[in-house]
Amino acid sequence: MSVDLSNGLENVPVLITRSSAIMTFPEFQYSAENIRGPGSTTDPSEVTLPGCSCRSASCCPENCSCLRMCGRAFDGTGALLNLGPADSGYCSPVFECNALCACSDACSTRVVQGGLRIRLEVYATRDKGWGVRTLEAIPRGMFVCEYAGEVIGLKEARRRQLAQRPGDNNYIIAVREHAGEGSVAETFVDPAAVGNAGRFLNHSCQPNLYMQPVRVHSLVPRLALFAGRNVAAREELTFDYTGGYGNQLPMQRLATRRDADMPAGRTDGLQRKECHCGAKNCVRFLPLDVSIINAT
């Protein structure tokens, strides 16, 4: 029997068939959006960005203050226009209109804030633990879901990683964005205890999803996942844990050496895990963010 993993918190049910589960299902609190965790200086739910004064149904770059910040990010269907980071190796920020904007809810810039629209299923994979697959076809560039969880500080991220035991899953994603003038903005999200369906997405060295930080109401970005190509119904959804897509530069560098060159076992206090994505370009081990462990 299939049940809604989100317990009605999403626009559409996130299905899981518990009766057929062959693995122990992890205990966690479902949250469709980020929540403030230890070490976070800003509440992700707080509206901290200014709004535009556009009175039209959908904003135009010529007179919208939100679009002037970074340009149009989505086309008329809501598809992300630029699937990939800038040449710097860091992804460029994307802003949506927010709760203080005068434009309508139908504005073409309001995509991620609309929440989950794709029917997803959490299921037991053959050799990668739990995974997520789509129950419908997804066109390239369309928003799929967020990677939502606790937004935490660097020291808390380091403490949590050092506390992990061999065999524990590491869910912490560190996103680094170019913030201008040579500065880099960092965001750490951990959905281990509080999160959404995104916490079950597996890594692939040849993924079909691309992660893009999107700012809606707050300076704290939402880690939005978009289809990097056309995705077929019942296909497993994956993203590259380093933040890269295809042959493009990743938006974050998780290690100074290639993952394939780093040995298995305990490395810098973390457990190296084999990658089972099956891609031709597989680097053999899952990405490991040693920068968090090495932070002082």
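Nothing fancy with the numbering, it's 1 onward along the sequence.
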Would M211 and V175 satisfy side chain to side chain contact (heavy atoms under 4.5 Å, CB included), going step by step from the backbone distance to the final call?
-> CA-CA 10 Å; M211 180 176 282; V175 173; 4.3 Å; yes
Taking only residues two or more places apart in sequence, or in another chain, which ones meet R222 in a salt bridge (charged side-chain N to carboxylate O under 4.0 Å, His left out)?
-> E33, E146
Would you sort out whether C145 and L201 count as a side chain to side chain contact (heavy atoms under 4.5 Å, CB included), showing the intermediate values?
-> CA-CA 10 Å; C145 69; L201 290 167; 4.1 Å; yes
Compare all side-chain heavy atoms of C64 with those of T109 and state whether any distance is below 4.5 angstrom.
-> no
With hydrophobic residues grouped by side-chain heavy-atom distances under 4.5 Å, do Y30 and V194 end up in a single group?
-> no
Run through the side-chain heavy atoms of Ile, Leu, Val, Met, Phe, Trp and Tyr, join any pair under 4.5 Å, and report what else lands in L15's cluster.
-> L135
Per the side chain to side chain donor-acceptor pair (under 3.5 Å) rule, which among Q161, R199, R160 passes with D190?
-> R160
Are R234 and E121 side-chain neighbours, meaning at least one heavy-atom pair lies under 4.5 Å?
-> yes
To the nearest 0.5 Å, atom CZ of R284 lies from atom CD of E274 at 8.5 Å
Mind checking whether C66 and C59 have side chains closer than 4.5 Å, heavy atoms only?
-> no
Considering only heavy atoms from C-beta outward, does the side chain of H276 approach that of R126 to under 4.5 Å?
-> no
Considering all heavy atoms, the nearest A148-S31 contact = CB-O, 4.1 Å
Are I35 and I173 connected in the hydrophobic side-chain network, where two residues link if heavy atoms are under 4.5 Å apart?
-> no
Going through the distances and angles, do F143 and R117 end up as a side chain to side chain contact (heavy atoms under 4.5 Å, CB included)?
-> CA-CA 8 Å; F143 170 63; R117 303 290 182 183; 5.9 Å; no
Is it the case that one hydrophobic cluster holds both L120 and Y123, taking links as side-chain heavy atoms less than 4.5 Å apart, direct or via other members?
-> no
Quick one: are V112 and F226 in side-chain contact, heavy atoms under 4.5 Å?
-> yes
How would you list, by chain and number, every residue that makes a salt bridge (charged side-chain N to carboxylate O under 4.0 Å, His left out) with R110, sequence neighbours excluded?
-> none
Given side chains that start at C-beta, do those of I172 and I292 come closer than 4.5 Å, heavy atoms only?
-> yes
Hey, could you give me the CG/SG distance between L67 and C60, rounded to the nearest 0.5 Å?
-> 8.0 Å
Any chance you could lay out the ring pair (Phe, Tyr, Trp, His ring centres under 6.0 Å) test for F200 and F25, step after step, and finish with the verdict?
-> CA-CA 11 Å; F200 296 101; F25 196 77; 5.3 Å; yes
Just wondering, do P221 and R215 contact through their side chains at under 4.5 Å, heavy atoms?
-> yes
Distance in Å, N169 CG paired with K273 NZ, rounded so as to fall on 0.5 Å steps | 5.5 Å
Could you pull out the closest heavy-atom pair between F239 and L209, with the gap in Å?
-> CB-O, 3.8 Å
Distance col, row Y171:OH vs Q164:CD, nearest 0.5 angstrom, shows 10.0 Å
Which pair of non-hydrogen atoms, one from V189 and one from Y147, has the smallest distance, and what is that distance?
-> CG1-O, 3.8 Å
Approximate separation, where rounding is to 0.5 Å, of T238 OG1 and L225 CG | 10.0 Å
Which atoms form the tightest heavy-atom contact between N63 and C54, and what is the distance?
-> O-SG, 4.0 Å
Report yes or no: does H203 contribute a side-chain atom to a donor-acceptor pair with the main-chain N or O of Y241 at less than 3.5 Å?
-> yes
Measure from the side-chain N and O atoms of N196 to the backbone N and O of P191, and report whether any donor-acceptor pair falls under 3.5 Å.
-> no
Any link between V94 and L83 through a network of hydrophobic side chains (Ile, Leu, Val, Met, Phe, Trp, Tyr) touching at under 4.5 Å?
-> yes
Linking I/L/V/M/F/W/Y whenever their side-chain heavy atoms sit closer than 4.5 Å, directly or via other members, would F28 and V3 fall into one cluster?
-> yes
Could you tell me which non-hydrogen atom of R68 sits nearest to which non-hydrogen atom of P61, and how far apart they are?
-> CG-O, 3.7 Å
Verify side chain to side chain contact (heavy atoms under 4.5 Å, CB included) between N208 and E236, making sure each step is shown before the conclusion.
-> CA-CA 9 Å; N208 51 23; E236 182 181 6; 5.9 Å; no
Under the 3.5 angstrom rule, does the side chain of Q113 hit a backbone N or O of N98 as a donor-acceptor pair?
-> no
Would a distance-only check, ignoring hydrogens and angles, find a side-chain to backbone donor-acceptor pair under 3.5 Å from S58 to S108?
-> yes
What are the two closest non-hydrogen atoms of P38 and E150, and how far apart are they?
-> CD-OE2, 3.8 Å
I138 and L237, any side-chain heavy atoms less than 4.5 Å apart = yes
Just by distance, do the side chain of D240 and the backbone of C205 share a donor-acceptor pair under 3.5 Å?
-> no
Taking atom NE2 of H217 and atom CD of E96, what is their separation to the nearest 0.5 Å?
-> 8.5 Å
